[in-house]
*Asks:* 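My structure is below; once you've seen it, I'll send some questions.
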Amino acid sequence: MSISLKEKKDANKNKDAIGKITGFFLFRNLIDNYNQYKDLPDSSRKKIKRYGILSVSLSIIAIIVSLSCLVTTLINIEFQGVSVVLIMIVSILGCVVIPLIMSMYAFVFAVLQVRLNRKSIGIIGIILSILSVVSCVLLIVFLII
């Protein structure tokens with residue numbers, strides 16, 4: 001039983017636009033709830049702050065992680081018995097990749113909040129997610145230098 005190409009195209013057409021972007025990633029359940037929230041009447045939709053709070057918290061965590069790793073890189077702490085290559089791999093994964101992914105998700109949730117009800121927490125989430133991306137890029141620059 002193989003799926004034909006036409007059935008695959010039909011399945012992709014039935015997905016919403018957010019589903020095409022995010023696929024099966026971590027926060028798929030919250031994004032599915034967005035479709036339910038946007039169908040609510042305006043009075044109850046105005047009270048929802050879920051995506052903005054999630055965006056702000058993810059952005060703050062990403063900024064804290066990347067800036068703490070930036071300070072650690074600038075201080076140049078030497079660990080005895082640990083090779084420089086291992087420290088570089090941990091720095092790249094833990095200090096650049098994870099905060100960058102978190103800030104991308106924070107940006108998506110901030111945009112969802114703004115599209116849902118134009119609350120100010122969505123705008124704050126967008127600004128903080130952009131700042132966290134900038135801090136990750138700054139850390140990459142300092143790791144290269």
Side-chain angles (χ1 to χ4, degrees), residues 2-3 5 7-40 42 44-145:
S2 65
I3 299 174
L5 185 60
E7 290 174 355
K8 286 182 183 179
K9 286 182 181 178
D10 290 339
N12 285 338
K13 285 181 183 177
N14 292 335
K15 277 187 172 179
D16 58 336
I18 297 170
K20 289 179 185 177
I21 295 171
T22 58
F24 59 93
F25 287 106
L26 299 172
F27 302 113
R28 181 64 188 155
N29 190 19
L30 287 173
I31 293 173
D32 283 340
N33 289 338
Y34 171 77
N35 290 330
Q36 295 171 355
Y37 290 146
K38 73 177 182 180
D39 294 334
L40 293 174
D42 286 338
S44 60
R45 221 171 58 180
K46 295 282 184 191
K47 298 176 184 175
I48 298 171
K49 295 181 183 178
R50 176 183 223 168
Y51 297 109
I53 292 170
L54 187 61
S55 171
V56 168
S57 62
L58 281 174
S59 296
I60 289 173
I61 291 170
I63 288 172
I64 289 171
V65 168
S66 63
L67 289 181
S68 66
C69 292
L70 178 66
V71 169
T72 306
T73 304
L74 290 176
I75 294 174
N76 198 9
I77 295 176
E78 299 280 333
F79 294 105
Q80 293 181 355
V82 180
S83 70
V84 176
V85 175
L86 183 62
I87 292 172
M88 199 61 141
I89 290 172
V90 169
S91 294
I92 290 172
L93 285 178
C95 306
V96 177
V97 174
I98 293 172
L100 195 63
I101 291 171
M102 289 173 67
S103 58
M104 292 299 172
Y105 274 116
F107 185 77
V108 168
F109 288 135
V111 169
L112 289 178
Q113 180 69 45
V114 169
R115 288 182 64 196
L116 189 63
N117 57 12
R118 305 220 191 301
K119 288 274 186 187
S120 61
I121 195 161
I123 304 297
I124 294 169
I126 288 175
I127 293 168
L128 284 177
S129 64
I130 290 172
L131 285 176
S132 63
V133 169
V134 168
S135 68
C136 290
V137 169
L138 185 65
L139 182 63
I140 292 171
V141 168
F142 278 118
L143 284 176
I144 291 173
I145 295 175

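We're numbering straight along the sequence, starting at 1.
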*Asks:* Can you give the donor-acceptor pairs under 3.5 Å from side chains of residues 92-103 to other protein atoms, not counting sequence neighbours?
*Replies:*
from, atom 1, to, atom 2, distance (Å)
Ser103, OG, Pro99, O, 3.0
Ser103, OG, Leu100, O, 2.8

*Asks:* Can you list the residues that meet the side chain to side chain donor-acceptor pair (under 3.5 Å) rule with Ser55, with sequence neighbours excluded?
*Replies:*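 With sequence neighbours excluded, Ser55 shows a side chain to side chain donor-acceptor pair (under 3.5 Å) to no residue whatsoever.
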*Asks:* Starting at OG of Ser57, measure out to CZ of Phe109 and round the result to the nearest 0.5 Å.
*Replies:*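 It is 9.5 Å, given to the nearest 0.5 Å.
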*Asks:* Here's a test for you: under side-chain contact (heavy atoms from CB on, under 4.5 Å), which of Leu58, Ile64, Ile63 qualifies with Ile60?
*Replies:*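 That would be Ile64; it is the only one of Leu58, Ile64, Ile63 passing the side-chain contact (heavy atoms from CB on, under 4.5 Å) with Ile60.
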*Asks:* If you measure from CG on Asn117 to NZ on Lys49, what distance do you get to the nearest 0.5 Å?
*Replies:*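 Answer rounded to 0.5 Å: 9.0 Å.
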*Asks:* Applying side chain to side chain donor-acceptor pair (under 3.5 Å) as the test, list every pair that has at least one member in residues 133-145; sequence neighbours left out.
*Replies:*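 Pairs touching residues 133-145 that pass the test: Ser66-Ser135.
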*Asks:* Just to verify, what does Leu116 make a side chain to side chain contact (heavy atoms under 4.5 Å, CB included) with, not counting sequence neighbours?
*Replies:*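 Expected list: Tyr34, Tyr37, Lys38, Arg45, Ile48, Tyr51.
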*Asks:* Please tabulate, for the side chains in residues 119-130, all donor-acceptor contacts under 3.5 angstrom to protein atoms that are two or more places apart in sequence or on a different chain.
*Replies:*
from, atom 1, to, atom 2, distance (Å)
Lys119, NZ, Lys46, O, 3.1
Ser129, OG, Gly125, O, 3.1
Ser129, OG, Ile126, O, 2.8

